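First up is the structure itself, then whatever we jot down about it.
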Amino acid sequence: MKITLTALVFLCFHTLGVLANAGYNIKVNIEGYRERKLTLAYYFGNQQYIKDTVKVGADGAYTFSGQSPLLPGIYTLVMMPNNVGIDILISEKEQQFTVQTKKGSPHADLKFIGSKENELFQQYIHFVSEYNPQLDTLRAQYKRSAEGPKKEKIKQALQKVDSTVQQYLQQFLRVNRDSYAALVIKSSLPIRYPSFSGTDEEKVIKTWLYARKHCFDNVPLTEFRLLRTPHFYQAITTYVNELLFQHPDSINAGIDYILNQLRPNREAFDYYAIHFLRQYLHPKVMGMDAVFVHLAETYLATGQIQLSNPVQKAKLIEVGQKLKPLLIGKIAPNIALTDRAGKTFNLHDLKSEYTLLVIWAYDCGHCKQSAPFWKSFYEKFKDKGVKLLALCHVTEKEVPACWKYVDENGYGAWLHASDPLFRYAKAYNVESTPQVYLMDRNKVIIGKQIVAEKMEEVIAQIIELRKKNKL
């Protein structure tokens with residue numbers, strides 16, 4: 001296995017508590033490995049972090065040691081210069097043992113002295129390594145085969161091998177249920193689904209609901225001994241990104257549930273709270289900035305998230321405050337503007353079923369690329385109750401240049417306006433252009449930051465949906 005090591009730039013967290021007094025001492029012998037150094041890394045979240053790097057000793061071994069015990073998890077011995085990694089288990093009780101292997105076959109010849117947990121872990125890995133190729137081959141054959149006796153025969157063979165694996169697994173977990181190895185192995189297992197009845201659509205829904213309910217069966221959120229394994233992160237992100245209904249209300253509730261479960265562990269709570277803050281600060285899906293606002297308001301502004309940088313904390317809180325009035329479902333801020341004829345009007349005074357506000361600038365490269373799409377959109381939707389308001393984001397001195405660009409490029413058909421005092425800039429948090437907001441007849445925001453190329457498609461869908469729901 002190859003990994004890319006990330007420099008240890010990490011938040012300072014509290015530990016799980018005092019696990020032992022003897023500290024740790026892990027001696028590593030790698031036959032044929034001639035490099036001067038060996039690195040020990042650990043999993044956390046979706047990355048690996050360096051715990052220590054040691055030089056080869058006089059006895060030819062690499063010894064990792066410390067007075068404080070290591071937190072339990074899956075750690076990786078990383079061989080230079082190609083970052084070839086060997087995963088090992090470190091449990092609460094076993095922190096003094098020896099690892100032996102060979103450079104040319106680090107996984108096949110991996111042995112342990114003084115670590116029953118790692119012996120169990122390797123026993124399971126060797127069994128799975130033997131049967132996984134068979135399962136992969138049979139699955140591929142089943143997928144390629146046409147319906148008929150041959151496909152049924154492959155199915156039976158697949159079920160037989162799968163049954164053998166499951167029987168071994170269940171017995172392994174039962175016999176070793178009190179071991180750390182069993183806990184880690186179980187956390188890596190996928191959900192096993194029962195057979196569902198109904199139509200194909202009903203089966204899909206039932207499968208999704210079952211997965212959402214049982215997502216954390218194998219990875220309990222309060223089992224903090226799994227924090228330093230990749231399975232903990234995978235379970236949490238799968239739950240939020242795939243199993244929750246992708247709407248801010250559902251995601252907010254789901255993240256609240258996760259964080260409340262993680263609250264007893266400061267390290268886990270802070271890491272995942274910050275992880276989701278970052279994920280939804282610049283979301284890929286329209287409207288999901290509401291999740292960031294919820295997290296900033298609920299956890300950051302109240303001091304529940306520990307951030308060492310007060311300036312960064314204040315900035316994130318401020319971003320949340322600026323975004324809150326601009327969320328989908330909010331009434332768009334009313335602004336006073338001036339049209340090309342010098343007449344002043346308010347945004348809320350515009351009468352139309354839909355108003356598309358585009359804040360742009362004549363010297364903005366992205367705006368220039370988008371303008372032809374805005375023109376096409378306006379031609380198709382101007383008779384369907386849509387008003388396009390283009391607000392030129394320029395100083396008073398530059399306003400004539402803005403109108404010149406409009407006329408030279410044939411973009412004068414829709415409503416153009418400006419406000420050299422930039423009163424709108426604060427209300428709409430304009431830090432870059434273009435900015436796009438779609439509003440209904442009551443000036444409620446129903447869409448935002450719509451990509452110009454997708455504008456016709458998105459608005460057509462919104463109009464159709466609102467027509468069906470008689471909104």
Side-chain angles (χ1 to χ4, degrees), residues 1-4 43 46 74 76 84-87 104-110 120-177 181-220 226 229-246 254 284-285 457:
M1 178 186 71
K2 290 189 177 181
I3 62 172
T4 300
Y43 288 90
N46 64 338
I74 299 178
T76 305
V84 176
I86 307 167
D87 282 348
S105 51
H107 304 103
D109 289 307
L110 187 59
L120 289 173
F121 192 51
Q122 291 305 310
Q123 176 186 327
Y124 169 77
I125 289 175
H126 289 157
F127 176 85
V128 171
S129 298
E130 178 184 349
Y131 279 91
N132 269 349
Q134 297 181 45
L135 288 169
D136 291 341
T137 299
L138 288 169
R139 288 182 183 126
Q141 291 176 351
Y142 182 80
K143 187 176 181 180
R144 292 195 304 264
S145 298
E147 294 296 335
K150 183 179 179 181
K151 186 167 188 137
E152 183 60 28
K153 187 176 180 179
I154 296 173
K155 179 180 179 182
Q156 291 175 3
L158 180 59
Q159 290 174 339
K160 184 177 180 180
V161 177
D162 183 63
S163 177
T164 299
V165 172
Q166 291 304 315
Q167 287 177 14
Y168 170 86
L169 178 60
Q170 295 308 316
Q171 182 180 6
F172 180 94
L173 294 178
R174 183 174 63 255
V175 172
N176 303 293
R177 59 182 174 274
L183 177 68
V184 172
I185 291 167
K186 185 178 180 181
S187 72
S188 70
L189 300 178
I191 297 172
R192 299 283 293 186
Y193 297 97
S195 297
F196 296 114
S197 60
T199 64
D200 289 344
E201 183 178 354
E202 289 171 341
K203 289 179 181 178
V204 169
I205 294 174
K206 289 178 181 179
T207 300
W208 170 64
L209 291 173
Y210 186 90
R212 188 170 69 176
K213 182 178 180 180
H214 295 277
C215 181
F216 300 115
D217 284 1
N218 294 337
V219 192
L226 295 173
T229 72
H231 316 137
F232 202 84
Y233 175 86
Q234 288 168 4
I236 288 177
T237 54
T238 295
Y239 180 75
V240 173
N241 298 336
E242 299 178 23
L243 300 179
L244 292 178
F245 184 64
Q246 295 301 292
K284 297 179 181 179
V285 179
E457 176 185 343

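What you see is a predicted model, and the numbers here were worked out from it, not measured in a lab.
- In terms of heavy atoms, Gly85 sits closest to His107 at O-NE2, 3.1 Å.
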### Task
Go through Leu169 and Ile185 one step at a time and tell me if the side chain to side chain contact (heavy atoms under 4.5 Å, CB included) criterion holds.
CA-CA 9 Å; Leu169 178 60; Ile185 291 167; 4.2 Å; yes
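- Using a 4.0 Å cut-off between charged nitrogen and carboxylate oxygen, Arg192 and Asp162 count as a salt-bridge pair.
- In this structure, the side chains of Leu226 and Val219 come closer than 4.5 Å at one or more pairs of heavy atoms.
- Shown here are the salt bridge (Lys or Arg N to Asp or Glu O under 4.0 Å) partners of Arg212, two or more places apart in sequence or in another chain: there are none.
- In this structure, the side chains of Gln123 and Leu120 come closer than 4.5 Å at one or more pairs of heavy atoms.
- To the nearest 0.5 Å, atoms CD1 (Ile74) and NE2 (His231) are separated by 4.5 Å.
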### Query
What's the verdict on side chain to side chain contact (heavy atoms under 4.5 Å, CB included) for Ser197 and Lys206, showing C-alpha distance, side-chain angles and the deciding distance?
CA-CA 9 Å; Ser197 60; Lys206 289 178 181 179; 3.8 Å; yes
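- Taking 4.5 Å as the limit, every side-chain heavy atom of Phe196 sits out of range of all side-chain heavy atoms of Val204.
- Across Lys213 and Asp217, no two heavy atoms sit closer than the pair O-OD1, 4.3 Å.
- Between Lys151 and Lys143, the closest heavy-atom pair is NZ-O, 4.5 Å.
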### Task
Begin from the C-alpha positions of Leu158 and Gln141 and carry the test side chain to side chain contact (heavy atoms under 4.5 Å, CB included) through to its verdict.
CA-CA 10 Å; Leu158 180 59; Gln141 291 176 351; over 6 Å; no
### Task
Mind running side chain to side chain donor-acceptor pair (under 3.5 Å) on Asp87 and Thr76 for me, showing each step along the way?
CA-CA 4 Å; Asp87 282 348; Thr76 305; 2.7 Å; yes
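- Residue Thr238 holds its OG1 atom at 9.5 Å from OH of Tyr233, rounded to the nearest 0.5 Å.
- Among all heavy-atom pairs drawn from Pro220 and Phe232, the shortest one is O-CE1, 3.8 Å.
- Here Arg177 pairs with nothing under the salt bridge (Lys or Arg N to Asp or Glu O under 4.0 Å) rule; sequence neighbours left out.
- When all heavy atoms of Cys215 and Ala235 are compared, the pair lying nearest together is SG-O, 3.5 Å.
- By the ring-ring contact (aromatic ring centres under 6.0 Å, His included) test, Tyr193 is found to be paired with Tyr210, residues two or more places apart in sequence or in another chain being considered.
- Partners of Asp200 according to the salt bridge (Lys or Arg N to Asp or Glu O under 4.0 Å) rule, which considers only residues two or more places apart in sequence or in another chain, do not exist here.
- Using the six-membered ring where Trp is involved, Tyr168 and Phe127 have ring planes that are parallel, under 30° apart on the 30 and 60° scheme.
- For the pair Val161 and Thr164, the minimum side-chain heavy-atom distance is 4.5 Å or more.
- By the ring-ring contact (aromatic ring centres under 6.0 Å, His included) test, Tyr142 pairs with no residue at all, sequence neighbours left out.
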#### Entry: Criterion side chain to side chain donor-acceptor pair (under 3.5 Å) on Ser163 and Gln167, from CA distance to verdict
CA-CA 6 Å; Ser163 177; Gln167 287 177 14; 3.2 Å; yes
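- Atom CG of Leu243 is separated from atom CH2 of Trp208 by 8.5 Å, given to the nearest 0.5 angstrom.
- In this view, Glu457 and Lys454 satisfy the salt bridge (Lys or Arg N to Asp or Glu O under 4.0 Å) rule, not counting sequence neighbours.
- His126 contributes no side-chain N or O that, together with a main-chain N or O of Ala108, makes up a donor-acceptor pair within less than 3.5 Å.
- Contact annotation: the side chain of Leu173 approaches that of Leu189 to within less than 4.5 Å [non-hydrogen atoms, C-beta and beyond].
- Here the side chain of Gln246 pairs a donor or acceptor atom with the backbone of Val240 at under 3.5 angstrom.
- Here the CZ-CZ distance, from Arg139 to Arg144, works out to 14.0 Å after rounding to the nearest 0.5 Å.
- Leu183 contributes atom CG, which lies 8.5 Å from atom OG1 of Thr229 (distance to the nearest 0.5 angstrom).
- Between atom CD of residue Gln159 and atom CG of residue Leu138 there is a gap of 11.0 Å, rounded to the nearest 0.5 Å.
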